[in-house]
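Since the structure comes first, as structure tokens, the remarks are kept for the end.
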Amino acid sequence: MSLDIDSHIRHSTRHIGRSVPRREDRGPLTGRGRYVADIKIAGMLEVVFVRSVEAHARIVSIDTSEALAVEGVRAVFTAADLADVKTFPDYIPYIGPVRQRPLGTGTVRYVGTPYAAVVADDRYIAEDAAALVAAGTTYEPLPTVADLDQALAPGAPKLHDHWENNCSFDVAPHKPEVDRAFEQADHTFTETYVSQRQTGLPMETRGVVADITDGTLTVWSSTQSPHMVRSTVALMLGMPEPQVRVVHPTIGGGFGTKTHIYPEDIVVPWIARRLDRPARWIEDRMENLVASVHAREQRHEVEVAYDDDGTIRGVRCASMLDMGSGEIFMPGTAPVFVTNACITGGYDFPNMQARTIGVVTNKTPSGAYRGFGIPEGAFVMERIIDRVARLTGTDRVELRRRMLVRPGQTPYVMHGGGRLDSGSHTESFERGVEMAQPALERARARYAGDPDVRVGVGYSNYVEPTSPSYHLTTGHWGGGDAATVRVDPDGSVRVAAGLSAFGQGAETTAAQLAADALGVSPEEVTVVLGDTERAPYGLGSWGSRGAMMLTGSVLLASERLMDKARAIAAHMLEAAEADIVLTDGAFHVAGSDQPSVSWAEVGTAAWIRYVDLPDGMEPGLETSGYFHPENLQHQLDDTGKINAAASWSNGTHIGVVSVRVSTGEVRIEDYVVVHDCGTVINPALVEGQVHGGVAQGIAGAMYEHFQYDPDTANPRFASFMDYLVPTCAEVPHMEVDHFESPAPEQPLGVKGCGEGGTVGPPAVVAGAVSDALSEWGVDLTECPVTPVAVRAAIRSAEAAGTGADS
Amino acid sequence: MKPAPFDYCRPSTVTEALEALSSAESSRVLAGGQSLVPAMNFRLTDVSLLVDINRIEGLASVDCDPGGVTVGAAATQTQVLDHDGAASVVSGLRAALRHVGHLQIRNRGTVCGSLAHADPAAELPALAVASDAVIAVSGPDGERRIDAADFFIGAFWTALDDGELITEVRFPAEPPGSMTIVDEISRRAGDFAVAGLVATVEAEGGAVRGARLVGFGLGGVPTRLEAAEAAIRDWAPDHPADTLAEAVMADTADAFDDIHATSWYRREAVAALTVRAARRALAAEEAA
Amino acid sequence: MTISEPISEVDIEVSINGRTRRHRVPARLLLSDYIRDTVGLTGTHLGCEHGYCGACTVIVDGDAVRSCLMLAVQADGAEVRTVEDLAPAGSDCLSPMQQAFHDNHALQCGFCTAGFLMTLDSVDPAEWSEPERVVELLSGNLCRCTGYQNIVTAVTEAWSAYDGSGGSNDG
């Protein structure tokens with residue numbers, strides 16, 4: 001796509017590429033942000049959901065009479081009341097259909113399933129009544145399955161009666177070349193790698209406010225995808241889409257969890273319609289831990305064929321996703337496909353045969369979390385490389401060097417069809433190694449006198465698919481986005497985009513883009529996001545797509561607008577269109593600064609003073625652009641491969657850790673990131689994305705873990721005392737450097753950057769701790785790397801006699 | 001996550017507070033509320049009457065003399081942490097409180113409330129046991145003083161009877177020539193300990209002469225490490241750590257499992273903390 | 001003031017950001033809900049309601065506290081300050097710490113920000129400006145977006161005048 005913002009514009013100041021300060025800051029800094037829980041509408045009722053305390057049970061009866069008798073309670077609804085609401089669509093043909101109802105009916109399949117909704121005058125009263133509904137519920141418990149093995153065991157209790165078993169899908173490609181690699185290789189080994197159950201955990205929980213006025217239903221939702229919520233609410237409630245407006249107010253983080261459309265997104269609007277009163281539900285943290293999607297619980301059964309010189313000849317990997325109950329829209333199936341697509345990371349490694357399996361269990365449905373399957377695969381690959389290095393006595397850095405995609409090798413097509421359009425795979429690693437060296441030396445010096453401490457280093461070279469297709473994830477939506485640009489009579493610019501924003505700085509980014517595309521300053525640009533009534537259809541923010549989607553759509557719309565504006569200016573200046581240039585916000589004839597016309601004059605002509613328009617020109621100065629990235633595929637090709645992302649970012653993470661042998665305590669001493677997301681629009685925002693992503697990656701590497709009782713499938717967590725979100729004291733200082741390998745086929749060369757930070761840490765931490773404990777031969781295969789896990793590894797090495805004396 | 005309904009009163013004397021406590025079935029004392037209120041928000045605790053003792057005259061005092069430190073029932077952890085006099089008489093107070101929660105919690109949380117709450121992973125109950133603290137209690141039948149060693153009965157379970165109220169706790173001064181080390185393994189800054197140790201160590205001439213060792217996060221109550229106390233006597237850095245560690249293992253056979261750690265891990269960790277404490281005390285002695 | 005007899009609703013008088021408010025509140029009303037819903041100051045956020053995340057941190061009589069772990073009735077007679085009180089009144093200016101957060105990209109979604117700012121505002125920088133102390137102080141507030149690094153940078157910048165050896169809190 002040939003979007004060229006420089007062809008007709010001369011800027012004394014360019015804004016793209018600068019850390020333009022965020023326009024989003026002022027509200028939250030001064031307490032004037034407006035999050036969904038801050039919305040108050042006269043007469044608004046409060047909704048509380050009653051949730052299953054059984055992991056698998058038939059609901060025999062629900063007695064709501066005591067709850068209804070509580071003063072201030074307006075209604076209690078159960079599944080039977082919502083018979084007129086359609087079932088969540090099952091759009092993906094190759095997975096087991098779950099036929100999810102908005103409220104649990106008949107069978108509940110995980111602790112946290114909403115099965116009744118209490119409506120009351122305030123939240124306190126609603127909770128009083130909800131407790132009475134809970135006490136009035138009779139269950140008939142059913143046998144549970146708490147993990148993959150239980151779910152797949154012969155004769156295991158089935159979650160979904162209409163399925164053959166608990167397997168939702170099993171996609172097993174066969175590659176003869178991988179068979180040959182195994183036949184020819186010097187050695188093989190098998191291993192099982194495990195990533196644990198986590199969640200995105202935004203600091204703001206979810207929330208929905210719904211109100212119906214003059215037949216229009218307005219839904220304020222803390223969602224990442226307002227247009228998709230609108231389509232789904234309209235579909236399920238049987239309303240025309242124009243009568244449903246979905247707005248996201250300020251959002252307190254999402255990290256993927258808010259891409260899904262949840263029962264509450266449907267039930268709260270339904271209640272507002274039914275009672276003809278505004279209704280509000282704000283998820284509390286206790287609910288959030290069981291009712292917002294989990295993620296990342298995968299097991300990888302791996303066979304590796306390698307040679308004496310460290311060459312890895314082939315890998316077979318069966319990647320198994322624990323989907324929880326599967327009752328979530330859109331389904332949580334896609335991450336494990338992404339795991340397999342990205343598993344080879346930045347390495348030139350075609351001989352990967354990856355099978356993809358999804359299994360349901362009696363746990364919270366799993367779904368999206370920043371990284372979306374990439375960290376799990378990166379963990380497997382880096383652990384394999386470290387293992388082969390150790391088994392063959394090859395240097396770990398050297399082995400990676402041999403394997404990385406080299407300069408000039410792009411576009412490089414990965415084993416599953418992913419097309420690395422450009423990148424700095426080798427350069428980033430070399431730079432990272434160089435940056436990490438002093439850190440490693442510092443750590444060794446720091447602990448030289450402490451016989452209880454070992455120091456190690458770990459590596460990860462990953463790729464990050466950005467601006468992906470949503471078709472594989474949803475079975476329905478595609479992967480483009482729209483923007484509308486308007487210049488008003490006073491010359492001010494308004495940009496409206498279907499994208500949403502929840503902390504990334506998308507408004508600031510959009511303003512930078514429009515400013516440079518229209519030759520104005522960002523302050524003159526008003527940005528509207530996340531409102532289906534005011535912005536064109538878009539899929540929202542997820543999949544590291546914001547920057548690229550905004551760039552494509554805003555520039556496309558701006559270019560169209562510029563064409564018209566130049567025609568108007570040329571007419572007003574009585575000059576040829578081709579001679580018109582725009583310098584610092586004013587149009588003039590090239591080569592002469594006088595006379596000129598301003599954006600205000602052009603805008604006034606377009607909207608008001610038609611006498612200034614060229615003959616026959618249609619009035620108005622508003623244009624739209626629908627951007628669909630080149631090379632983005634939505635369906636598998638004949639060979640079963642797909643490039644499901646518009647462009648691929650890459651990065652290297654290297655961490656230096658110290659490990660206290662006696663207690664297993666791990667400290668990350670230094671963390672180095674080399675990051676490449678193509679052309680950078682706002683360096684501060686990109687760096688912020690990296691920092692936050694790495695912190696979440698470290699959370700997964702060392703801290704956060706949803707554990708369930710194997711006998712009852714009951715959660716063994718209830719609070720932040722059990723789900724260990726890292727504090728400032730756990731997140732190390734990060735040193736970040738950048739390469740900019742522009743995306744050759746995308747506008748301005750922009751790639752996405754939202755998720756990469758999360759990818760490296762599990763592999764880095766496990767690699768570094770294993771390195772630190774190499775004298776015991778420790779080779780960690782699971783996350784999180786906790787003190788107990790470290791001690792267990794040392795103990796088992798000592799018991800097996802493989803370790804050194806300590 | 002909102003508390004269920006309850007009644008509230010705010011007495012001005014201990015006598016009034018005791019009357020109120022006896023007047024309702026599920027009455028609870030509200031001091032700092034930093035453990036009680038979350039439990040109420042989760043609706044895990046049944047409370048019909050909350051008796052707020054924060055406005056009772058004199059209850060928020062921290063008094064110290066050469067013989068020890070007395071902390072009133074409404075005195076906050078921050079008050080004690082910031083009290084230089086208290087730290088000089090009972091160094092373990094500051095050492096323990098540094099590990100307790102975060103600033104915002106310590107600003108409201110009370111020392112006596114932490115004892116009454118009796119979280120098995122908390123630092124202050126272990127310090128109370130290690131330092132032979134005495135807990136003063138008032139109740140319908142009058143006042144009594146309970147030795148810390150007898151006060152903790154099980155997890156979240158103390159010798160307090162219905163209607164009783166802690167009025168203050170007295171921490172005796174540390175023995176001369178000793179120092180108190182509070183060390184723990186916790187998953188994150190400010191978390192309750194996975195396993196922890198309060199060690200009051202007397203060191204002289206490069207060896208440990210004696211020590212009081214109390215582990216926490218191991219069982220329902222603070223765990224006095226008696227075998228280790230015997231093994232640590234006359235221990236010096238050139239002695240093998242194994243015997244000391246083995247003694248700790250013997251003392252902690254009942255350590256429990258939970259999602260944060262296994263029993264064997266807790267035992268190993270406290271063993272490592274014990275060796276670490278001995279080394280640290282000896283290093284401090286050498287430096288002094 | 002003493003309340004001798006058990007009651008379920010209490011008349012309270014609280015100074016919030018310098019303005020005295022009088023309300024009759026249920027005994028069980030949390031201070032956080034009182035500030036947000038009764039008084040209408042929604043800059044204080046609820047992130048966990050069990051005293052861990054710090055988003056609801058406000059200042060009560062000079063001390064940073066978790067407002068979700070206090071009852072409104074406990075603030076009777078107290079002076080409460082919230083994030084709405086930090087920027088100089090009647091101007092577009094930000095406080096030095098707010099400005100440092102803005103300048104250093106120390107907030108993304110902004111949901112946790114008020115809690116951090118109130119914690120920071122409650123302490124004497126002279127006692128807390130050492131790097132390890134800054135980390136210790138900030139560890140009572142969770143942030144999910146920034147990875148904390150830019151928050152630490154912002155605090156360090158705002159407190160650069162304090163070297164930890166004393167000094168005034170007038171800046």
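Letters go in sequence order (proteins before strands), and every chain restarts at 1.
In this structure, the side chain of Arg285(A) engages the main chain of Gly47(C) through a donor-acceptor pair within 3.5 Å. The backbone N or O of Gln696(A) sits nowhere less than 3.5 Å from a side-chain atom of Arg144(C) that would complete a donor-acceptor pair. Side chain of Arg22(A) to main chain of Gln108(C): a donor-acceptor pair is present (N/O by atom type, distance under 3.5 Å, no hydrogens or angles). Panel note: side chain Tyr148(C), backbone Pro726(A); a donor-acceptor pair is recorded below 3.5 Å.
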Checklist entry - So Thr205(A) and Phe111(C), side chain to side chain contact (heavy atoms under 4.5 Å, CB included) or not? Walk me through it. => result CA-CA 10 Å; Thr205(A) 56; Phe111(C) 196 79; over 6 Å; no
Next on the checklist: One pair to check against side chain to side chain contact (heavy atoms under 4.5 Å, CB included): Thr42(C) and Tyr35(A). What are the steps and the verdict?
Outcome noted: CA-CA 9 Å; Thr42(C) 56; Tyr35(A) 300 85; over 6 Å; no
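Atoms NE2 and CD, from His105(C) and Glu687(A) in turn, are 9.0 Å apart once rounded to the nearest 0.5 Å. Distance check, rounded to the nearest 0.5 Å: CD of Glu204(A) to SG of Cys109(C) gives 7.5 Å. To the nearest 0.5 Å, atom SG of residue Cys68(C) and atom CG of residue Asp284(A) are 11.5 Å apart. We find the OH-SG distance between Tyr723(A) and Cys48(C) to be 14.5 Å, quoted to the nearest 0.5 Å. Taken to the nearest 0.5 Å, the CZ atom of Arg26(A) stands 9.0 Å off from the NE2 atom of His102(C). Between Asp38(A) atom CG and Asp37(C) atom CG the span is 9.5 Å, to the nearest 0.5 Å.
Leu137(C) does not touch chain A: none of its heavy atoms, backbone or side chain, sits under 4.5 Å away. For a residue to count as touching a neighbouring chain, one of its non-hydrogen atoms must lie under 4.5 Å from one of that chain's; by this rule Leu117(C) touches chain A with the side chain only. Looking at Ala501(A), neither its backbone nor its side chain comes within 4.5 Å of chain C, counting heavy atoms on both sides. In this structure, chain C has heavy atoms under 4.5 Å from both the backbone and the side chain of Val725(A). Contact annotation for Leu201(A): both backbone and side-chain heavy atoms come within less than 4.5 Å of a heavy atom of chain C. Only the side chain of Val152(C) comes within contact range of chain A, with at least one heavy atom under 4.5 Å from a heavy atom of that chain. Heavy atoms closer than 4.5 Å to chain C are found nowhere in Glu730(A), neither backbone nor side chain. For a residue to count as touching a neighbouring chain, one of its non-hydrogen atoms must lie under 4.5 Å from one of that chain's; by this rule Ile151(C) does not touch chain A. When heavy atoms are compared at a cutoff of 4.5 Å, Ser139(C) approaches chain A by way of both its backbone and its side chain.
Residue Glu79(C) qualifies as open at atom CD: its count of foreign heavy atoms under 6.0 Å is 12 or below.
Of the listed residues (Leu138(C), Leu86(C), Val83(C)), the one with the most heavy-atom contacts under 4.5 Å to chain A is Val83(C). Of the listed residues Asn288(A), Thr250(A), Leu685(A), the one with more heavy-atom pairs under 4.5 angstrom with chain C than any other is Leu685(A). Here Gly503(A) is the residue among Pro202(A), Ala684(A), Gly503(A) with the most heavy-atom pairs under 4.5 Å with chain C. Of the listed residues (Met286(A), Met721(A), Glu704(A), Arg370(A)), the greatest number of heavy-atom pairs within a distance under 4.5 Å of chain C belongs to Glu704(A). The candidate with the highest count of non-hydrogen atom pairs below 4.5 Å against chain C, out of Gly200(A), Ser19(A), Pro21(A), is Gly200(A). Annotation: maximal heavy-atom pairing with chain A below 4.5 Å, among Glu132(C), Arg36(C), Glu136(C), Gln99(C), occurs at Arg36(C). Options Asp103(C), Thr113(C), Thr146(C), Asn150(C) differ in how many heavy-atom pairs under 4.5 Å they form with chain A, and the most are formed by Thr146(C). Among Gly505(A), Gly688(A), Ala695(A), the residue with the largest count of heavy-atom pairs under 4.5 Å with chain C is Gly688(A). In terms of non-hydrogen atom pairs under 4.5 Å with chain C, the most contact-rich of Cys728(A), Gly31(A), Gly254(A) is Cys728(A).
Between Glu49(C) and Arg123(A), no side-chain nitrogen of the basic residue sits less than 4.0 Å from a carboxylate oxygen of the acidic one, so the salt-bridge criterion is not met.
The side-chain heavy atoms of Phe255(A) and Cys145(C), taken from C-beta on, include a pair separated by under 4.5 Å. Put simply, the side chain of Leu142(C) reaches to within 4.5 Å of the side chain of Thr727(A), judged on heavy atoms. Contact check for Gln149(C) versus His733(A): side-chain heavy atoms found under the 4.5 Å cut-off. Using a 4.5 Å heavy-atom threshold, the side chains of Leu107(C) and Glu24(A) count as separate.
Closest heavy-atom contact between Gly147(C) and Met734(A): O-CE, 3.8 Å. Residues Arg28(C) and Asp128(A) come closest through the heavy atom pair NH2-OD2, 2.7 Å.
Between Phe720(A) and Tyr52(C), the ring planes are perpendicular. Angles over 60° get that label, and only those under 30° would be called parallel.
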